[in-house]
Amino acid sequence: MPRPALISAGKDWTSFRERIERVAGLVGTYDLLKELAHDAGYRHFAILKSHGAAGANLSPQFVLTSLPHGSVQEYQDMETASGDMALLNALQAGHPFFWDCRTPTSVDTSTVGAENDNRGTDRLLARLGIRTGLGLPVFSTHAPHGFALFGGERSVPDIGEAAQLSLWCNGLYERMTAFEPPDRGQSRPRLTARELQCLSWTSAGKTSVEIAAILGLSEHTVNQYVATTSQKLGAVNRTQAVAKAIRLRLIE
């Protein structure tokens, strides 16, 4: 039996508020979402943000996700070509939803148009071990509404578990969008969750070997993340990269 969202079960309002308030940046948001997904029995998570108002083109923007970068790019390429109508309709409606692709269904190709054929998306998710998933609308006073998505191979959660996850995800979305400073014309580099994690641990004085052990990566991969981050920030070394990231409020 799948476990409930354990870190939310049995918590009072004070505990919930204090845990959310301790989240100090995107790395903290990522880590808490990872914990939520794991405790709820899901393999991956993503936070998507919509663009514009209802009725507009709501092509989603990935804000934070545990999915590999290459898979995110592959999904976005497919979405651009044909559109993931199920997800776009969910974004427009703003309703929670669950999907289950564990039982293959026959598709009448004569009635499936390019604009609503999601079979490519289903195959991509299956390769990632995602055949079922839960989508929860999230709202913020600082940004357009979005969705928290959880994917894996577990059964549909009951209403109580979905409500617990929704409570945490809405609190996190409000918190994380508050980190984004108002746009005053200054361009800010877009760093991935892994890049932010490596940079944050670097700022804490950890070596590449130590960061690799913490994040379950190879030392070579950590060095690649740090090098890419330094390049994006226009820094000559990791020390300068940390200083610039703190100044831009990318990390604490």
Side-chain angles (χ1 to χ4, degrees), residues 18-38 44-51 60-73 75-76 138 140-144 146-149 168-252:
E18 289 176 349
R19 184 71 188 269
I20 293 294
E21 289 177 350
R22 285 199 298 270
V23 173
L26 287 179
V27 172
T29 306
Y30 181 94
D31 290 341
L32 184 49
L33 280 168
K34 183 178 179 180
E35 191 176 344
L36 278 170
H38 176 267
H44 286 291
F45 66 84
I47 297 292
L48 307 184
K49 186 190 298 182
S50 68
H51 292 295
Q61 169 196 352
F62 280 82
V63 180
L64 206 59
T65 181
S66 62
L67 295 172
H69 175 74
S71 300
V72 174
Q73 187 60 56
Y75 168 81
Q76 290 177 322
V138 287
S140 169
T141 57
H142 307 284
F147 257 88
L149 302 178
W168 281 90
C169 289
N170 271 279
L172 275 171
Y173 188 67
E174 174 72 16
R175 182 76 172 160
M176 68 183 287
T177 53
F179 300 143
E180 301 174 1
D183 184 9
R184 294 187 174 90
Q186 180 185 10
S187 61
R188 300 171 74 243
R190 298 193 64 83
L191 304 182
T192 67
R194 279 300 194 196
E195 288 169 347
L196 285 167
Q197 283 183 313
C198 291
L199 196 60
S200 182
W201 282 116
T202 298
S203 71
K206 300 296 184 182
T207 65
S208 293
V209 173
E210 291 170 326
I211 296 171
I214 292 169
L215 300 180
L217 303 171
S218 70
E219 181 184 1
H220 174 72
T221 299
V222 170
N223 286 332
Q224 282 188 319
Y225 279 129
V226 173
T228 302
T229 302
S230 298
Q231 184 178 22
K232 288 182 178 180
L233 290 167
V236 297
N237 54 42
R238 61 178 63 195
T239 301
Q240 188 180 38
V242 167
K244 285 192 173 186
I246 292 174
R247 188 163 61 249
L248 291 172
R249 294 180 59 195
L250 294 172
I251 61 175
E252 295 296 322

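Note that these values count all heavy atoms, side chains included, but never hydrogens, waters or copies made by symmetry. Position 1 is the first residue of the sequence, and the numbers go up from there.
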NE2-CG distance between H38 and L36, expressed to the nearest 0.5 angstrom:
12.0 Å

Spacing of I47 atom CD1 and T29 atom OG1 [to the nearest 0.5 Å]:
8.5 Å

Show me the side-chain donor-acceptor pairs of residues 211-220 shorter than 3.5 Å, one per line, residues at least two apart or across chains.
{"unit_1": "S218", "atom_1": "OG", "unit_2": "T221", "atom_2": "N", "d": "3.0"}
{"unit_1": "S218", "atom_1": "OG", "unit_2": "T221", "atom_2": "OG1", "d": "2.8"}
{"unit_1": "H220", "atom_1": "NE2", "unit_2": "Q224", "atom_2": "NE2", "d": "3.4"}

Look at the side chain of K232 and the backbone N and O of R190, then say whether any donor-acceptor pair between them is shorter than 3.5 Å.
yes

Any chance the side chains of Q240 and S230 put a donor and an acceptor closer than 3.5 Å?
no

Between R238 (side chain only) and T202 (backbone N and O only), is there a donor and an acceptor less than 3.5 Å apart?
no

Measure the OG-CZ distance between S66 and R194 for me, rounded to the nearest 0.5 Å.
9.0 Å

Under 3.5 Å, side chain of K244 to main-chain N/O of G234, donor-acceptor pair present?
yes

Going by side-chain hydrogen bond (donor to acceptor under 3.5 Å, both in side chains), name the residues that satisfy it together with Q231, two or more places apart in sequence or in a different chain.
none

Nearest 0.5 Å, please: how far is CG in L32 from CE in M176?
11.5 Å

Between I20 and G171 the two heavy atoms that sit nearest each other are CG2-O, 3.8 Å

Could you please spell out the steps behind the side chain to side chain contact (heavy atoms under 4.5 Å, CB included) verdict for L250 and L199?
CA-CA 9 Å; L250 294 172; L199 196 60; 5.7 Å; no

Return yes if some donor-acceptor pair links the side-chain N/O of T65 with the main-chain N/O of F45 below 3.5 Å, else return no.
yes

To the nearest 0.5 Å, atom CH2 of W168 lies from atom CZ of R19 at 5.5 Å

With the side chain counted from C-beta on, respond yes when T228 and T192 share a heavy-atom pair under 4.5 Å apart, and no when they do not.
no

Which pair of non-hydrogen atoms, one from N223 and one from S208, has the smallest distance, and what is that distance?
OD1-OG, 2.6 Å

How many angstroms lie between CG in L191 and OG in S200, if you round to the nearest 0.5 Å?
11.5 Å

Tightest non-hydrogen contact, residues C198 and V226, listed as CB-CG2, 4.2 Å

Shortest non-hydrogen contact from Y173 to G146?
OH-N, 3.8 Å

